[in-house]
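Since the structure comes first, as structure tokens, the remarks are kept for the end.
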Amino acid sequence: MLQGWVIITVSFAYIGLLFAVAWFADKRAAAGRSIISNAWVYSLSLAVYATAWTFYGSVGRAATDGVGFLPIYIGPTLMMLLGWFVLRKMVRIVRLNRTTSLADFVASRYGKSALIGGLVTIIAVIGILPYISLQLKAVSNSFQILLGYPEIVMPPKVGSMVVMQDTAFYVALFMALFAIAFGTRQLDAAERHEGMVAAIAFESIVKLIAFLAVGSYVAFFMYDGLGDLFARAASRPDLGILMAPLGAAAGSYASWVWLTVLSMLAIIFLPRQFQVAVIENTDERHLRRAAWVFPLYMLAINIFVLPIAFGGVLHFPQGEVDADTFVLTLPMVQKAEGLALLVFIGGLSAATGMVIVETIALSTMICNDLVMPVLLRTRAFRLTEQRDLSSLLLDIRRAAIIALLMGGYFYYLLAGEAYALVSIGLISFAAVAQFAPAVIGGLYWKGGTRLGALAGLSAGFTVWVYTLLLPAFAKSGWLDAELVEQGPWGLELLRPTQLFGLAGLDQITHAMIWSMIANVGAYLIGSVVRRQSAAEHVQATLFVDVYQQTGEPGSAWRGATSASALQTLVGRFLGPARAAELFMSYARLRGVTSVDELEGDRDLVRFAELQLAGTIGAASAKTMVATVAQEEPLGLEEVMTIIDEASQVIAYSHRLEEKQQELESATLELKAANERLKELDRLKDDFISTVTHELRTPLTSIRAFSEILHDNPDLEGVERQRFLALVIKESERLTRLINQVLDLAKIESGLAEWRTAELDMREIVLESLNATSAIFKARGVQVEMRISPVTPRVMADRDRLMQVLLNLLSNAAKFCTPGSGRVELRLSCDASTVRVDVSDNGVGISAENQALIFEKFRQVGDTLTDKPSGTGLGLAICRRIVGHFGGRLWVESEPGRGSVFSFDLPAAAGAADPGSLAAGA
Amino acid sequence: MRKPSLRAYRIVSLFLLGCLLFNYPVLALFNVGATAAGVPVLYVYLFVAWGVTIALAAVVIEGGT
Amino acid sequence: MAKRVLIAEDEPSIVTSLEFLMRKAGFETRAATDGEEALSLLGTFRPHLVLLDIMLPRRSGLELCRLIRADASLAETRVLMLTAKGGHRDVERGLEAGADDYITKPFSTQDLVERAKGLMAAAGSASGEGQ
């Protein structure tokens, strides 16, 4: 059943299916229900990494190296872990800058330099051509082998055929058509290809299924499981050493490490990987899923590589069948036709996927970063004056795709036979690894400059050409082999494969060591010899600090132009209708109704530049916009200021965000505090005005009587005496008042002196009674005492305590009805406190007044017929004194039933004085 | 600058672990002729370590979202 | 016939001094030590002048002043406010309530007597026409 027409029909049917998937995805995307905006699809699309190299070549490598093929897949696993940092940053930058390709990305980072963009494109194209040729070789070989069924015949050498009869040529031609159909049907400002990504995700599944199918077939049908297979292999000396292949040859661990590093870089810097992982990414969060799903895919597709390799070596006589073809030839030799066809489709799938994405990515680079900058700068083409360039852009890309595949085909003719699949691929890996210093450095180090990037890329690429490409050409016979074996001009020190005498390493490791030294060294030196230009610094900051940007990057553009001029410009590249649509929606966004009302300010220029950047790349977009908008030169100092301000603002705003919550609660607290302050302020005013009032009252009497006495020298003796007595009485009152105000102020401000000592409470109580006995007698008030026989001593200031007791006793006397008054003084105690109660049978205090009497100047005069003669400060002072010694002062009272003023004080520790006896009343 | 999250530290730690597992000298420990259930230990080790790394990555990077 | 002066003041010693000063100036005086007492005396004593303390217990001087102004039968009664605080607010409120003049404690006795005389002279001429 494996006739030529069957194979071709099935192949085209499969390609047709890929187109259907792509068409469906595009349709869904147009309807706003993207199927590629899905973490699983994203992860699968990354598996475009697994090409014909993986599908056929890994087995070939494993047949000679054992597990030596694995670093190529373990490296990406490690890199995907860091993807959350590195790839996410790139995705963010690409989205903000509408970057279209890796070349555009690097050019953008280094001051939108067209030179860098061009250099990156050239390196990528030259570096990737071997890789494309590898796919062509794999597909055409597998096709020819399958065509030979049921015989197992290795395809003839390329050189022996005419081009027009060479399968590889037609494979290249058809693949070019597929790529053109997939990638250049329309010009998309965002340079995204939803259909292509969906098709890639689909083909990833197909190649995995095909490989797992053949792997299981070999392991479980041809042999009795893995154990059986390995046991048989172990019995053969040539395979036995492959069980533990590391360390057998000098530098094999170094080779392992370098392959790991190389593949870590390749997973980012291969143009097709950059395309699917960064450019086509629709959501940063998909990177989380991809971080483990993609490695898992790698693991799955590699698990049967070694068994197939050993199976092939065991099955086929030595050297008759190329190990690179075991995947296909093993099912063929077992007459498993369907499986063989599935394998062919899987291999075709892997190769097609790679070629489509790679050529689309490269054609974008060639168009935007190589051809357009040249055309735009060449006056002869007068491109800047043409009306519609969009079809020209598409044509350039189509031409580029064809050129790439033809280039790949010719590389295959030249060097394809000399190397195994894996070795060809590794040469490409080493080429794209040269982007690493400029890109990684550019992502994390603001100091990396255009000059440094140019120097690093040039140096690394030169070393790559010398140590890898020249030997490849030499090996294929295209160059004199002596150059490699003897060194140029016979200088052994300069031998490309043992540069400066570095021997004992495999070719890739050797090339990587020297190229990285040259690349990184030149990048660093180039970056530090000269100061960055203003434009470079702007871009460096945009890249390195991308996470701190919220919207579109600020542009240092200061020029002015008209909206219509910009629209015309954008129209030339995107088509006038699309441009009109874009500008109109921008106008609506700005709240104006027509494009003419838009101001040609910095934002509009930036908008136009972004639209263009999505089509022709950042560097060209900048050039184009400059043709219609005159930019005023911007000094470095000025830019630095702008950036410094911006980054300060960013830093501040972040901190502000954090403080927002605190601020809000602080505001509330402040409000409350403010209210309290106002209240305190009011209280203070009240206090001052009350004090003033209280002072003025006695002063009024004193002044009035003094003037009366002065003005009336003829007053009667009795009257004069009465007036003088009033002056004296009011003076005393004034003195008392002043003393108490000062006293209170001292206590409140903490300036009062306290002479604290251990005191016998009974002694003080008795003394205070003695001092007030005259008052009681005068008012006819009876006093009773109940004093506990044993009272602990207290720690207090004797005079202060006396002051409290005198105040309470005189108050009691004052509020008792003269004649029938009764006051009782009680001293009691428990283990820890000493308590004094002073009760009277006076008018009592209403509940609402009980709290007020302890406030300053609050006399409860309204309840009395007479105005109380106190100052209104006594109780306030007493409460503070008792409080100072750790006690409380309070009142219990009912109007009409008298009051009880009480205070307690803590007993001085262990100081009860049983020796002194009770004193009775 | 934002303070790196715990997740970020875990990811970097996992990366360093991966660098250790798939490198000399750990690899050399398994680079012996012995077999486990008929399968060379180096082959078993590489795939098991690889699988464990992937599983940890899934837990660390996607877990708790 | 001597003019009548009502002294509404709660400080006994100030009352004593005011009584002395007013009598010496030739007026007939009565004293009230709280607002209620002053109010009842207003009706019976019908003073030409009230020396009104702004901070009276039971009924404040301001309230009393408003009552005087509201009572048509007391139209010719002049009010001289005595304020101890001397703040603008008190003075304003006193004048708003209808006081004719105010004096701040402690006052000059001479000043007080002159103002009292002045107020009553004005009231006398005004009421004289009416009578």
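Every chain is numbered from 1, with letters handed out A, B, ... down the list of sequences. Side chains included, hydrogens not; waters and symmetry mates left out as well; all remaining heavy atoms used.
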Inset, instruction - Please check if any side-chain donor atom of Thr697(A) sits under 3.5 Å from a side-chain acceptor atom of Glu11(C), or the reverse. - result: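 Absent: no donor and acceptor within the cut-off.
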
Do [X] and [Y] have side chains that approach each other closer than 4.5 Å (heavy atoms only, starting at C-beta)?
X	Y	answer
Arg722(A)	Thr16(C)	yes
Arg696(A)	Thr104(C)	yes
Ile708(A)	Ser17(C)	yes

Legend entry - Nearest heavy atoms of Arg703(A) and Pro106(C), plus distance in Å: NH1-O, 3.5 Å

Legend entry - Which atoms of Phe107(C) approach chain A - backbone, side chain, both or neither, heavy atom under 4.5 Å: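 Looking at Phe107(C), backbone and side chain both touch chain A.
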
If you count every heavy atom of other residues, nucleotides or ligands that lies below 6.0 Å from [X] atom [atom1], does the total exceed 12?
X	atom1	answer
Gln110(C)	CD	no
Glu679(A)	CD	yes
Arg822(A)	CZ	no

Inset, instruction - Measure distances from Leu715(A) to the heavy atoms of chain C and classify the residue's part below 4.5 Å as side chain, backbone, both or neither. - result: side chain

Legend entry - Contacting region of Leu699(A) [heavy-atom separation from chain C under 4.5 Å]: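 Interface part for Leu699(A): both.
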
Inset, instruction - To the nearest 0.5 angstrom, please state how far the CZ atom of Phe705(A) sits from the OG1 atom of Thr109(C). - result: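 Here the rounded value is 11.0 Å.
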
